[in-house]
Amino acid sequence: MTRAWILPLSFVASGALVAATLFVRGSADGAVPVLLLFVLLAVVHSPLVFPRSVGAAEAQARSAADGRPIVYWRPGCKYCLRLRFRLGRDAHRLHWVDIWRDPAGAAAVRAANDGDETVPTVLVAGHTHVNPSPEWVRTRL
């Protein structure tokens with residue numbers, strides 16, 4: 001299991017524990033919404049809500065060919081989630097690199113951020129931008 005799934009599975013396990021406690025105490029009507037809320041939180045914080053990630057080398061090759069930005073991200077990052085959701089359907093037009101799955105992507109982010117793995121880091125035309133606004137990224141498409 002990769003690090004990307006630790007937070008979502010923790011949400012599901014916590015939700016199951018809280019729902020079971022409510023159910024045992026006689027509040028079956030309250031247990032179901034609580035479990036559904038935790039499952040929803042798990043899905044939102046999972047890699048499932050992001051477009052398919054590619055490796056850093058593949059993203060750089062694709063970006064060189066089509067000129068689209070590269071977004072370096074990691075699951076569980078609230079700023080990455082904000083960028084993803086605020087971009088809406090336009091998010092699929094970017095090249096997404098999960099730095100927890102791709103060591104070359106993590107190295108590229110560290111090189112751009114003085115050794116820190118600060119995400120989202122967006123690479124546009126050879127220049128990196130850390131945590132840019134979704135509106136700014138949209139204008140670069």
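The residues of the chain are indexed from 1 along the displayed sequence. Atom set for the values below is all heavy atoms of this structure, side chains included, hydrogens, waters and symmetry mates excluded.
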Drop me the distance from [X]'s [atom1] to [Y]'s [atom2], to the nearest 0.5 angstrom.
X	Y	atom1	atom2	value
Leu87	Leu94	CG	CG	6.0 Å
Leu83	Trp96	CG	CH2	4.5 Å
Tyr72	Cys77	OH	SG	15.5 Å

Return each pair, listed once, that meets side chain to side chain donor-acceptor pair (under 3.5 Å) where at least one residue sits in [range]; pairs must be two or more places apart or across chains.
range	value
residues 7-32	none
residues 34-56	Ser53-Trp73
residues 101-110	Arg110-Glu117

With Asp116 via side-chain hydrogen bond (donor to acceptor under 3.5 Å, both in side chains) - residues at least two apart: none
Could I get the full list of side-chain hydrogen bond (donor to acceptor under 3.5 Å, both in side chains) partners for Arg138, not counting sequence neighbours?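 Per chain and number, Arg138 pairs via side-chain hydrogen bond (donor to acceptor under 3.5 Å, both in side chains) with Asp90.
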Please name all residues satisfying salt bridge (charged side-chain N to carboxylate O under 4.0 Å, His left out) with Arg82, sequence neighbours left out, ordered by chain then number. none
Minimum heavy-atom distance [X]-[Y], with the two atoms named:
X	Y	result
Leu35	Ala16	CD1-N, 3.8 Å
Leu22	Gly30	CD1-O, 3.8 Å
Val34	Ala19	CG1-N, 4.5 Å
Val119	Cys80	CG2-SG, 3.7 Å
Val124	Pro69	CG2-CB, 3.7 Å
Leu123	Thr128	CD1-CG2, 3.7 Å

For [X], enumerate each residue passing the side-chain contact (heavy atoms from CB on, under 4.5 Å) test, keeping only those at least two apart in sequence or located in another chain.
X	value
Val32	Leu36
Ala42	Pro8, Phe11, Val12
Pro33	none

Would you kindly confirm whether Val130 and Val97 end up in one hydrophobic cluster when ILVMFWY residues are joined by side chain heavy atoms under 4.5 Å apart? no
Does one hydrophobic cluster hold both Leu9 and Leu48, with members joined at side-chain heavy-atom distances below 4.5 Å?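 Yes; Leu48 is reachable from Leu9 via cluster members.
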May I ask you to decide if Val49's main-chain N or O and Arg84's side chain share a donor-acceptor pair within less than 3.5 Å? yes
Among pairs that include at least one residue of residues 106-125, which meet ring-ring contact (aromatic ring centres under 6.0 Å, His included), considering only residues two or more places apart or in two chains? none
Side-chain heavy-atom pair [X], [Y] within 4.5 angstrom cut-off:
X	Y	answer
Val44	Phe85	yes
Asn131	Pro120	yes
His95	Gln60	no

Residue pairs fulfilling salt bridge (charged side-chain N to carboxylate O under 4.0 Å, His left out) with at least one residue in residues 53-76, sequence neighbours excluded: Glu58-Arg62, Asp66-Arg68
Output all residues satisfying ring pair (Phe, Tyr, Trp, His ring centres under 6.0 Å) with His129, sequence neighbours left out; order by chain, then residue number.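 Here the qualifying residues are Trp136.
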